[in-house]
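Report on the structure given below.
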Amino acid sequence: INAAMLGGTRREKPAAYREASPLTRVDADSAPFLIIHGVRDEVVPVEHSRRLVAALRGVDVEVTYGEYPRAYHLTTRDWRFSGPWALAFLGLHLRPEQ
């Protein structure tokens, strides 16, 4: 999928992969992040989320991170799983009472 979207493999198009990476966009002005990842994700390695969390925290951006040992890639798509996280995160950051 990535090779089709980016015009080649990581080895063939390293600049395209760097440009597509959210890590290249992290800076102190980044908005707060909610990241939920299943350790058993068969599509996106959990290490990707761990690196993003580390980069964000490295520039003092607030990150809410949930890592689940038994969850797969599509587990977090289910609203029953991710909904409570999303609602709490948005409630904290949107502050509708103000």
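As a basis for the values below, the full set of heavy atoms in this structure was taken, side chains included, without hydrogen atoms, waters or symmetry mates.
- Nearest approach of Glu12 to Gly8, heavy atoms of both residues: OE1-CA, 3.2 Å.
- Between His73 and Glu42, the shortest heavy-atom contact is N-OE1, 3.6 Å.
- Of all the heavy atoms in Thr76 and Ile36, the pair that sits closest is CG2-CG2, 3.5 Å.
- Glu62 has no carboxylate O lying under 4.0 Å from a charged side-chain N of Arg57, or vice versa, which leaves the two without a salt bridge.
- Contact of the Leu52 side chain with the Leu23 side chain is registered, since non-hydrogen atoms from C-beta on lie closer than 4.5 Å.
- Ring centroids of Tyr68 and Phe81 are separated by less than 6.0 Å, placing the two rings close together.
- In this structure, the side chain to side chain contact (heavy atoms under 4.5 Å, CB included) partners of Leu6, at least two apart in sequence or on a different chain, are Ala16, Tyr17, Ala20.
- In plain terms, the two heavy atoms of Thr64 and Phe89 that are nearest each other are OG1-CD1, 3.8 Å.
- Rounding to the nearest 0.5 Å gives a distance of 9.5 Å between CZ of Arg40 and OG1 of Thr75.
- Interatomic distance, CG of Leu92 versus CG of Leu34, reported as 10.5 Å (0.5 Å rounding).
- For the atom pair CZ (Arg18) and NZ (Lys13), the distance works out to 12.5 Å, reported to the nearest 0.5 Å.
- If you take OG on Ser49 and CG on Asp41, they are separated by 8.0 Å, rounding to the nearest 0.5 Å.
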Inset, instruction - Start with the C-alpha gap between Arg25 and Glu19, add the side-chain angles, then the distance that decides, and say whether salt bridge (Lys or Arg N to Asp or Glu O under 4.0 Å) holds. - result: CA-CA 9 Å; Arg25 309 273 188 242; Glu19 181 67 20; 2.8 Å; yes
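- Atom CH2 of Trp85 is separated from atom CH2 of Trp79 by 13.5 Å, given to the nearest 0.5 angstrom.
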